[in-house]
Amino acid sequence: MWTNWSGGQSCRPQRTDRPLDEAGVVAAVRRAAERGLAVRPVGSGYSESTLSLTGDVHLDCSALTGVVDLADDVVRVRAGARLTEVHAALAEHGRALATVPHGPGATVGGAIGTGTHGGSRQVGSLSAQVVGARFVDGTGTLRRAEDADLDALRCHLGALGVLTEVSLRTVAATVVDGHEEVVDPAEATAPGGPLDTRPWAALQVHLPSGEALLRWAGPAEQRDPVPEATGPVDAIGRVVTRLGHSASAQLSAQWSAQRSRPAPRWEGVPTAAPYVLLPTPDPARETSTEWAVPREALTTALRELHSATTTRELEIRRPVEVRVGPAETGWLHPAFGRATGWIAVRSPRGADDGPLFRLVGSVLEGMGGRPHWAGRHDWTAADLAVAYPRLPDFRAVRDRLDPDRRFAGAHMQALLGP
């Protein structure tokens with residue numbers, strides 16, 4: 001039995017193959033073809049969608065890890081590597097990924113396949129940083145992605161092949177200061193507000209009360225040096241804290257008794273590398289749905305979401321997380337072709353989230369929203385045909401790379417058609 005990280009999705013595949021290299025991936029796909037079985041790639045299991053579910057073959061590429069090469073501003077990395085590993089390896093050479101995806105435990109291949117993004121108006125998702133790739137197609141052939149196929153692969157849902165190696169843009173490593181402040185959500189989400197102007201920003205909004213906490217990071221200011229840590233530093237959970245003015249004390253007093261409302265995470269003004277400071281260190285095991293709406297509709301979308309949930313008496317108990325991002329070129333990326341506002345709604349593990357998530361989807365879809373492929377949604381091929389103008393091009397690439405639908409399945413057929 002396979003279960004995803006939150007426990008919200010599970011399946012019982014006939015077998016799970018764990019290849020040690022590209023040749024093993026080729027062999028696994030060809031073996032499945034000989035037996036007439038479908039193959040679904042599976043990453044770290046952080047996704048809440050049904051993309052990984054199958055009763056046939058799971059292909060776990062977690063052994064395909066490590067940096068292959070780093071030259072100039074491009075890193076070649078195996079697709080099974082977790083983002084935490086890639087960040088740490090690049091830091092040793094004074095480089096960093098251009099974006100910091102929200103889920104540090106995700107694999108490179110999984111983050112690219114689902115369009116996982118960061119929190120910057122200026123920098124696109126990990127998918128946008130792809131400049132080349134190696135993958136095994138549905139016939140069991142190892143291929144190099146050419147320019148014509150890259151925009152299909154940037155958010156491929158595991159429908160075109162199994163990524164084995166990816167070339168990604170990198171930038172010079174930097175450190176940033178983290179800040180937290182109580183804000184008015186309408187002002188924070190307005191065009192030209194802090195979500196647009198800060199190098200990195202994320203807003204947590206408690207819709208029932210209207211309370212909001214803005215977390216943002218920018219270039220580190222020059223301060224007096226602090227003693228270096230004498231022990232090992234956890235790559236995700238700990239940062240070097242520089243004492244100074246802090247919103248945390250104010251916020252702790254304001255929200256200490258209400259755990260479901262936005263809560264401070266940082267003390268003082270923490271300074272660290274973006275990959276250390278920005279991701280949530282210990283995300284809760286919750287189910288989630290996330291939607292990409294046109295950037296200009298973001299403020300209205302939050303207002304409509306609050307109105308709809310209040311009217312239906314379906315309270316969103318967890319803070320809604322709001323971020324923005326630029327237009328993407330991936331044909332099936334939720335931010336394709338437009339600047340985007342991201343709205344993530346979470347529900348406690350074990351709760352009956354169906355009615356709430358359906359209402360969220362209905363409201364945000366009505367405002368031009370598209371679901372994040374790693375979250376819960378009920379979209380079908382008919383919905384994609386309306387929302388994604390390059391869907392016919394994606395299907396043409398799929399026909400060429402997976403003519404026998406080796407990477408299909410019930411969910412994939414509902415989403416992309418036969």
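Residue numbers run from 1 in the order of the sequence given.
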Pairwise distance OG1(T99) to CG(L126) - rounded to 0.5 angstrom: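 Here the interatomic distance stands at 7.0 Å.
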Pairwise distance CG(L37) to OG1(T54) - rounded to 0.5 angstrom: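 Here the interatomic distance stands at 8.5 Å.
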Sequence neighbours excluded, every pair satisfying ring pair (Phe, Tyr, Trp, His ring centres under 6.0 Å) that has a member inside residues 153-175: none
[X] atom [atom1], over 12 foreign heavy atoms within 6.0 Å:
X: R144; atom1: CZ; value: no
X: R31; atom1: CZ; value: yes
X: D69; atom1: CG; value: yes

Is [X] reaching over with its side chain to a backbone N or O of [Y], donor-acceptor style, under 3.5 angstrom?
X: T164; Y: R134; result: yes
X: D137; Y: T139; result: yes
X: T170; Y: L97; result: no
X: S362; Y: R358; result: no
X: T289; Y: R376; result: yes
X: S127; Y: R154; result: yes
X: R95; Y: A71; result: no
X: Q129; Y: G124; result: yes
X: H333; Y: A335; result: yes
X: R30; Y: G140; result: yes

Should the pair [X]-[Y] be classified as a salt bridge under the 4.0 Å nitrogen-to-oxygen rule?
X: R265; Y: E180; result: no
X: R318; Y: E286; result: yes
X: D196; Y: R121; result: yes
X: R370; Y: E290; result: no
X: D56; Y: R40; result: no
X: E321; Y: R346; result: yes

Please report the shortest heavy-atom distance between [X] and [Y], naming the atom on each side.
X: L332; Y: W373; answer: O-NE1, 2.7 Å
X: G138; Y: V29; answer: O-CG1, 4.0 Å
X: V166; Y: A79; answer: CG2-CB, 4.4 Å
X: P199; Y: G218; answer: CG-CA, 4.0 Å
X: P19; Y: L64; answer: O-CD1, 3.3 Å

Validation row: [X], [Y] side chains within 4.5 angstrom (heavy atoms):
X: T65; Y: R78; value: no
X: T309; Y: L356; value: yes
X: L278; Y: W200; value: yes
X: L51; Y: L157; value: yes
X: L168; Y: V74; value: no
X: L150; Y: T329; value: no
X: H58; Y: C11; value: yes
X: L213; Y: V183; value: no

Under a 3.5 Å cutoff, is there a donor and acceptor pairing between the side chains of [X] and [Y]?
X: T287; Y: E48; answer: no
X: T16; Y: D60; answer: no
X: H87; Y: T84; answer: no

Q122: side-chain contact (heavy atoms from CB on, under 4.5 Å) partners, not counting sequence neighbours: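 Q122: side-chain contact (heavy atoms from CB on, under 4.5 Å) contacts with S120.
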Counterpart residues, side chain to side chain donor-acceptor pair (under 3.5 Å), relative to S307 (two or more places apart):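 Testing S307 for side chain to side chain donor-acceptor pair (under 3.5 Å), a comparison that skips the adjacent residues, returns none.
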Qualifying residues under ring-ring contact (aromatic ring centres under 6.0 Å, His included), relative to H372, sequence neighbours excluded: H117, W342
May I have the list of side-chain donor-acceptor pairs in residues 410-418 shorter than 3.5 Å, sequence neighbours left out?
{"unit_1": "H411", "atom_1": "ND1", "unit_2": "T50", "atom_2": "OG1", "d": "2.6"}
{"unit_1": "H411", "atom_1": "NE2", "unit_2": "T50", "atom_2": "OG1", "d": "3.1"}

Steps toward side chain to side chain donor-acceptor pair (under 3.5 Å) verdict (T271, D177): CA-CA 5 Å; T271 299; D177 284 344; 2.5 Å; yes
Candidate list L302, V360, L203, test side chain to side chain contact (heavy atoms under 4.5 Å, CB included), partner V320, passing option: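 With V320 as partner, L302, V360, L203 yield a single side chain to side chain contact (heavy atoms under 4.5 Å, CB included), made by L302.
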Sole candidate of D378, D352, V345, L314 that passes side chain to side chain contact (heavy atoms under 4.5 Å, CB included) when paired with F357: V345
Side chain to side chain donor-acceptor pair (under 3.5 Å) assessment of S125 paired with E328: CA-CA 8 Å; S125 68; E328 301 267 348; 3.2 Å; yes
side-chain hydrogen bond (donor to acceptor under 3.5 Å, both in side chains) partners of residues 383-401, not counting sequence neighbours, each pair once: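 Every pair satisfying side-chain hydrogen bond (donor to acceptor under 3.5 Å, both in side chains) with a residue in residues 383-401: D149-R400, T380-D383, R390-D393, D399-R405.
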